[in-house]
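Working notes, structure below.
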Amino acid sequence: MQNTSWYIIRLIMTTQSITLTRPDDWHLHLRDGEILNSVAPFTAKQFQRAIVMPNLKPAVTTVKQAVEYVDRVLAAVEGTDFEPLMTLYLTDNTSADEIRAAHKSCFIKAVKLYPAGATTNSDEGVTNIRKCDAALEEMQRAGLPLLVHGEVTDPGIDVFDREKVFIDRVLMPLTNRFPGLKIVFEHITTSDAADFVLDMGARVGATVTVHHLMYNRNAMFEGGMRPHHYCLPVLKRERHREALLHAVGSGNPKFFLGTDSAPHAKNLKESSCGCAGIFTAHAAIELYATVFEAIGALDKLEAFASFYGPDFYGLPRNTGTITLEKKEQRIPESYPMAGEQLVPLMAGQTIPWTLKA
């Protein structure tokens, strides 16, 4: 890496090991079929639970589909104690009855808002948030959180401004209309989003990815186009990355771990119309530890990774632990995935932490 991108692996570090309450991932893409079987074990080895995204093809829009999907996830991690926490995909036609059924279930913990066309498999997403008022009213009544992909899709808006405009056009009016609705602002990328979350009450939280903590937008163009650093929302300016580092390093409970780990085959990422998404599940907790130590906040990692998420969702904290050792590991150039190759974040590079077996 060069320039402002990533110096953490060059720092001299002194802590030799750290034991954490077993963490959870509050934003995860597992896909389906053979891809699911290939990637789910990476998450299960380090996280106790994960909020599993519903943007499959077809999307998981009903409780029945969620039941079927959770069974496939559990089969992919058989032999572990990993617990998938499922979500429904919000559409213009999601009914209050479907929300009531989701709330009555023991495994659906949230509903995901994708603006139509905003990201991978979002074609079935919401075209106008006002069409969802009945579902949102029922979610507010039930205490079922809304997970928000916070970008407008207006082609007239600069891609680097879409999160900020979403706050002004959609999110602020939404919080005013539904003052009791719990909201997670997913994978925030800007100082504007961090400030918005801080200004809201306890009902609004945010997940922060490790790649948005590690890189600014220069990383997409160093030495040419870097498709494996392309994600949505896209990486932003350095000042925004610094704002995210400050947010997570402050120990504020409104910010918690959500990898947004998103597997795509190498050939699709490197095609003429490359997929958006970065795969980090291979070493997620080690990467977060690297970030937190570099900013002098390693003592804040456990709460960020293990406490603030379950507290926001009203779930018990985990009781098991994991241990990270100061032992270098070299990230493979790729992993096999459903007959293709999956390129992970920091492929071919060395990081200073290793999850102890």
Over-ring placement of Lys182 relative to Phe312, 6.0 Å and 45° cut-offs: yes

Whether Arg241 engages the ring of Tyr215 as a cation-pi pair (distance to the six-membered ring centre under 6.0 angstrom, angle to the ring normal within 45°) should be assessed. no

Tell me whether [X] is salt-bridged to [Y], with the criterion being a basic N under 4.0 Å from an acidic carboxylate O.
X      : Y      : answer
Arg162 : Asp158 : no
Lys326 : Glu293 : yes
Glu340 : Lys266 : no
Lys57  : Asp32  : no
Asp161 : Lys164 : no

Residue from Gln140, Met139, Arg141 passing side chain to side chain contact (heavy atoms under 4.5 Å, CB included) with Ile99: Met139

Between [X] and [Y], is any side-chain donor less than 3.5 angstrom from a side-chain acceptor?
X      : Y      : result
Arg49  : Asn318 : yes
His149 : Glu186 : no
Thr62  : Gln65  : yes
Thr323 : Thr19  : yes
Asn128 : Asp92  : no
Glu124 : Thr91  : no
His240 : Glu242 : no
Glu163 : Thr189 : yes
Gln329 : Glu286 : yes
Thr21  : Glu302 : yes
Glu270 : His228 : yes
Thr190 : Lys236 : no

What's the shortest heavy-atom distance between [X] and [Y], and which atoms?
X      : Y      : result
Leu144 : Ala102 : CD2-CB, 4.3 Å
Pro173 : Asp168 : CD-O, 3.5 Å
Leu147 : Met53  : CD1-CE, 4.0 Å

According to the interplanar angle, ranging from 0 to 90°, do the rings of [X] and [Y] count as parallel (below 30°), tilted (30 to 60°) or perpendicular (above 60°)?
X      : Y      : value
Tyr89  : Tyr114 : tilted
Tyr313 : Phe256 : perpendicular
Phe304 : Phe292 : tilted

Any donor and acceptor pair, going by atom type alone, linking the side chain of Arg22 with main-chain N or O of Phe47 inside 3.5 Å? yes

Show your working on side chain to side chain contact (heavy atoms under 4.5 Å, CB included) between Tyr230 and Ile278 and close with a plain yes or no. CA-CA 7 Å; Tyr230 171 53; Ile278 296 176; over 6 Å; no

